[in-house]
A.B. asks: 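Take a look at the following structure, please.
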Amino acid sequence: MSRVGRNIHVSVDRLRQLAHRDARPRKIKADAGTCPKCDSHYSADEMSRNLRVCPACGHHFAVTARERLEQLGEPGGYVELWPELRAADPLQFTDLKPYAERIADAEKSTGMGEAIVCAELEVRHVPAVAAIMDFSFMGGSMGAVVGEKFARACDHAAQKGLPLIVLSSSGGARMQEGTLALMQMAKTVIALDALAEARVPVVVVLAHPTTGGVWASFASLGDVTYAEPGALIAFSGPRVIEETTREVLPSDFGRAERQLANGQVDAVVDRRELAQRIGRILHILSRPDVDPTAGTAPAGLQWAQGGAQKVKSMMDRIRPGSTDGEDAG
Ligand SMILES: [Zn+2]
């Protein structure tokens with residue numbers, strides 16, 4: 001779906017109604033802080049209602065994975081999958097502090113076991129499997145557990161015939177796990193490949209930032225790819241490139257709007273319309289195959305004929321046992 005040469009449409013749907021047109025920064029009694037883009041003050045309540053988007057200028061703040069699940073599905077209406085998986089430390093890696101200590105600190109400060117949360121939920125009444133990354137857990141970096149949970153989410157979605165919703169927010173592969181982390185790029189791509197074979201749709205949402213090994217693997221392989229406004233989507237960030245090449249990059253380098261113009265994403269979607277947008281595309285893709293010889297239309301949603309069985313046998317061939325102990329062990 002190339003968009004090269006076409007005008008950029010950012011959040012084409014309800015943005016006009018949603019956007020607050022007041023250009024002046026709002027100065028109110030603030031209990032939650034200040035927008036870094038427009039200096040507006042805001043209250044915690046208001047930001048929560050507004051899905052952590054600045055009501056004045058539309059700046060998208062970071063959101064935790066569990067907040068995302070609440071925003072996408074019905075409140076409290078998701079079932080988390082494999083929350084028990086934890087990273088091992090096979091390299092006994094130490095930089096400024098031991099890796100094991102970093103993991104323990106991240107768990108304590110975020111309340112999450114890893115940088116990805118997988119869950120079953122309903123988005124606008126369409127059942128789906130979601131794999132949501134969280135930048136607050138070690139920069140959303142992908143180690144063996146992130147790769148394993150993602151691959152399991154693909155298996156689970158394929159076996160149940162449910163669409164997969166991926167939300168990426170990551171600095172890339174987790175350096176503390178070395179080659180084991182890099183291997184997750186191949187592992188996640190293979191898992192997605194099987195979903196494609198099973199004809200189960202994958203919707204990817206690129207949130208700020210999606211870089212490195214995550215952008216270079218599963219995050220760039222959605223059937224439909226949305227990005228949040230202003231998100232940095234690139235293999236290397238502009239600072240690294242500028243320092244390496246000694247050249248000045250355009251100010252919008254790697255940003256969602258530029259990636260839309262380059263044909264890398266299908267739409268830039270405001271977070272406040274994201275659930276509706278995903279729900280709509282899933283409704284369109286889930287239109288049941290109608291068998292003209294049958295008297296009645298098949299009940300419920302139907303993604304593919306025999307797809308789940310096919311992907312199961314394929315995954316069994318590729319990854320015997322499918323839970324190969326590569327995770328926390
Ligand atoms: Zn603002």
Side-chain angles (χ1 to χ4, degrees), residues 3 7-73 75 109-110 115 132-137 139-140 167-171 204-211 215 219 225-234 237-239 242 248-262 264-279:
R3 294 287 184 276
N7 292 333
I8 301 173
H9 297 285
V10 177
S11 296
V12 291
D13 284 321
R14 291 161 35 239
L15 195 57
R16 277 193 200 89
Q17 300 148 36
L18 290 167
H20 195 291
R21 290 295 172 191
D22 187 357
R24 291 165 303 165
R26 294 174 326 130
K27 301 295 181 189
I28 59 170
K29 189 175 180 303
D31 58 5
T34 303
C35 174
K37 197 170 162 191
C38 74
D39 280 340
S40 287
H41 293 167
Y42 52 82
S43 67
D45 242 28
E46 185 181 21
M47 284 304 277
S48 168
R49 276 199 314 276
N50 220 34
L51 309 189
R52 297 191 59 72
V53 176
C54 173
C57 76
H59 174 71
H60 282 49
F61 288 79
V63 184
T64 68
R66 294 208 173 97
E67 277 179 297
R68 290 277 189 190
L69 287 165
E70 298 281 351
Q71 292 176 2
L72 285 176
S109 63
T110 63
I132 313 280
M133 301 193 80
D134 193 320
F135 195 78
S136 64
F137 192 104
L167 193 138
S168 64
S169 178
S170 171
V204 173
V205 181
L206 306 165
H208 179 75
T210 297
T211 58
W215 172 233
T225 303
Y226 296 136
E228 287 196 337
L232 176 66
I233 302 155
R239 190 163 41 91
E242 286 185 335
V248 179
L249 294 171
S251 60
D252 64 347
F253 172 83
R255 296 290 164 180
E257 295 74 10
R258 170 57 46 194
Q259 296 291 31
L260 174 65
N262 289 342
Q264 296 277 18
V265 303
D266 294 312
V268 175
V269 179
D270 189 289
R271 185 182 295 155
R272 292 164 289 186
E273 63 185 65
L274 192 56
Q276 188 205 15
R277 198 67 178 265
I278 293 173

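Whatever order the structure lists them in is the order used to number ligands and atoms, beginning at 1.
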A.B. asks: Are Ile132 and Leu72 packed together at the side-chain level, in the sense that at least one heavy-atom pair is separated by less than 4.5 angstrom?
C.D. replies: yes

A.B. asks: Quick one: does Gln71's side chain get under 4.5 Å of Arg271's, heavy atoms only?
C.D. replies: yes

A.B. asks: Is the backbone N or O of Ala219 less than 3.5 Å from a side-chain atom of Ser168, with the two atoms forming a donor-acceptor pair by type?
C.D. replies: no

A.B. asks: Taking both backbone and side chain into account, is any N, O or S atom of His59 nearer than 2.8 Å to the Zn ion (ligand 1)?
C.D. replies: no

A.B. asks: Please report, to 10°, the angle around the Zn ion (ligand 1) from atom SG (Cys38) across to atom SG (Cys54).
C.D. replies: 110°

A.B. asks: Treating Ser170 as the side-chain partner and Pro209 as the backbone partner, does any N or O pair qualify as donor plus acceptor under 3.5 Å?
C.D. replies: no

A.B. asks: Just to the nearest 10 degrees, tell me the angle at the Zn ion (ligand 1) spanned by Cys35 SG and Cys57 SG.
C.D. replies: 110°

